[in-house]
Amino acid sequence: MKAISYYSTNLKAPEVSFRDALLKGQAPDRGLYMPDHIPVLDDETLKSFSDLPYHKVAYHVLEAFLNKEVPRDIIAALVEDAYDYPVPLERVDRRQYVMRLDQGPTASFKDFAARMMGRLMNHFLEKENRELLILTATSGDTGSAIANAFYGLDNIKVLILFPEKEVTNRQRKQMTTLGQNVSVIAIDGKFDDCQAMVKQAFADPDLDMLNLSSANSINIGRLLPQAVYYFYAWARLREQTDEKAVFVVPSGNFGDMMGGMIARRMGLPVKRMVIAVNENDEFPTFLHTGKYEKIEPSRNCISSAMNVGHPSNLSRLVALYGGVMDEKGTIHKMPDMADMQRDIAAVSVDDGETRQTIADAWNNYRLLLEPHGAVGWAGLQHYLEMIDEKERNELFVVLETAHPAKFPEQIRQILEFDPELPPSLIGLEDKEEKFDSLKHSYDAFKQYLVDHYMKHP
Ligand SMILES: *Cc1c(COP(=O)(O)O)cnc(C)c1O
């Protein structure tokens, strides 16, 4: 098979290798990288997945993309290291399941993508004897996800800036108790101040030597690992080898659902993808009418990680269906809407229904959901209404993207109890914290970078 190269969805930048796409993040024309063809797994390989642990399924899926650039034994070692936690599949009713993607170190499905991206970046840097310093500003969750994804890697250091008074105790502790290659600075300012300092550092030629990088969420290295759990769920739950599954994906920036779309093109038997969004319904409207309008500013819903008025990965979906959408959301060439409508259903779920779903799922099934997963479960109920009775006994998998204990206020309000902590959050209270403090001044920050990271000859 021909080696895969990666093109920009804006079509105005050269094609690159996986390594370059991974280390660059965004293409120079501001597009997103996409594989020029998608490798197809044969039936034997698909069949074999039913007996494999998660990391071995991940090996086969990622190897199909990486085999020309990363040696097989290294891919095997990286996935085994990244995926050392369980992926529970919970049966709820008939053949309706919830896949819990919340057992990683930050109790969110983003661990699946970020941990693999970190390990792949580290692999290339190690080989080239280079180091990278990842700078990130956070208002809470991004920082801990990045910190945990890169924690313990040899060729990557991480420095996180957070606004002193704007993160919760738990969020702060998830970053400040790690140590090793992860450093943290509390800024006496707001999130926007932290963000501005980081941006200024990226643009500062005096700091070129530091090899600064952002661990961008649109990186191709995050997208491909998100194809894996669809294969895993199907392999564990299928009754016939060619049985097709319907996946329901609570979606914001559409990275998660793109993973599923890629899995489908790789040969996974997917009947339909159901995209469940909150009140930010720009995609359902687009799918039904062909007209795309961003929602600015995005609407605030309790499924806060999905408050996205223009999903950045949408340009990848459009590309998959033969169209061109730029980073601003302007469509230069329409995708094949009829094909897209056949493969995808999209539903919008408002906050009232999200809350009601958390209550109903618990009362009817003892199924504990947090707001994002509840949007997914509600999306399944809508979809079941849209199809024939006989199709309702088929295989359905709803993705739960975060652990309920990350949203204790909502759960307490609706269900009147406190969810139990996941393993990754237990004991956090007693761990020792370490961080520095700075005023929100770029000069002070620059001096800090020079003192701590510049190698003096
Ligand atoms: C990021 C996130 C989502 C949305 O995922 P996308 O890939 O951006 O669509 C859903 N749920 C949770 C908990 C998240 O953190």
Side-chain angles (χ1 to χ4, degrees), residues 32 98-117 138-146 148-149 171 174 215-230 247-263 273-284 286 295 298-317 344 346-349 351 354 357-358 368-379 398-411 419 422 424-425:
L32 306 189
V98 164
M99 172 158 57
R100 295 204 180 263
L101 300 173
D102 61 0
Q103 304 288 299
T106 71
S108 140
F109 92 101
K110 293 205 170 60
D111 290 328
F112 285 82
R115 284 171 73 77
M116 198 62 213
M117 172 178 71
T138 185
S139 54
D141 277 348
T142 321
S144 69
I146 299 286
N148 280 280
Q171 284 173 329
Q174 280 188 285
N216 216 312
S217 67
I218 44 81
N219 195 298
I220 187 76
R222 287 178 70 150
L223 188 64
L224 301 179
Q226 294 183 145
V228 177
Y229 36 77
Y230 294 93
F247 289 98
V248 188
V249 191
S251 293
N253 238 334
F254 283 23
D256 200 356
M257 75 88 112
M258 267 311 289
M261 297 307 296
I262 287 177
M273 295 286 289
V274 180
I275 309 308
V277 298
N278 60 25
E279 294 168 30
N280 292 281
D281 59 356
E282 65 280 358
F283 180 70
F286 173 60
I295 294 177
S298 60
R299 298 173 183 144
N300 273 332
C301 297
I302 55 171
S303 48
S304 52
M306 305 190 332
N307 291 339
V308 181
H310 170 47
S312 38
N313 280 292
L314 192 52
S315 53
R316 283 186 166 129
L317 183 72
I344 298 174
V347 293
S348 161
V349 176
D351 271 359
T354 306
T357 303
I358 293 176
L368 184 58
L369 297 171
E370 51 70 58
H372 305 82
V375 168
W377 187 254
V398 176
L399 279 56
E400 172 51 292
T401 49
H403 195 281
K406 293 192 88 174
F407 299 87
E409 300 81 16
Q410 270 100 18
I411 306 279
S424 60
L425 298 179

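Below, all heavy atoms of this structure are taken into account, side chains as well, without hydrogens, waters or symmetry copies. Atoms within a ligand are numbered from 1 in the order they appear, just like the ligands themselves.
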**Prompt:** Sequence neighbours excluded, which residues qualify as side chain to side chain contact (heavy atoms under 4.5 Å, CB included) partners of A227?
**Reply:**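 A227: side chain to side chain contact (heavy atoms under 4.5 Å, CB included) contacts with V61, I262, A263.
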**Set of residues satisfying side chain to side chain contact (heavy atoms under 4.5 Å, CB included) with respect to A113, sequence neighbours excluded** =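 Partners of A113 under the side chain to side chain contact (heavy atoms under 4.5 Å, CB included) test: R222, Q226.
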**Message:** Does either side chain, that of N278 or that of S303, offer a donor lying less than 3.5 Å from an acceptor on the other one?
**Reply:**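 Yes, because at least one side-chain N or O of N278 sits under 3.5 Å from a partner of the opposite role on S303.
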**Any side-chain donor near an acceptor of the partner, N148 and T106, under 3.5 Å** =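 Distance-only check fails for N148 and T106.
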Between ligand 1 and the protein, find all N/O pairs closer than 3.5 Å and give the distance for each.
residue  : atom   : partner : partner atom : Å
ligand 1 : 7 (O)  : G255    : N            : 3.1
ligand 1 : 7 (O)  : D256    : N            : 2.9
ligand 1 : 8 (O)  : N253    : N            : 2.8
ligand 1 : 9 (O)  : G252    : N            : 2.8
ligand 1 : 9 (O)  : N253    : N            : 3.2
ligand 1 : 9 (O)  : F254    : N            : 2.9
ligand 1 : 11 (N) : T401    : OG1          : 2.7
ligand 1 : 15 (O) : K110    : NZ           : 2.5

**Item:** Close aromatic pair by centroid cut-off 6.0 Å: H372 and F109
**Value:**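 That pair fails the under 6.0 Å test.
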**Contact list for residues 398-411, test side chain to side chain donor-acceptor pair (under 3.5 Å), sequence neighbours left out** =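 Sorted result for residues 398-411: empty, none.
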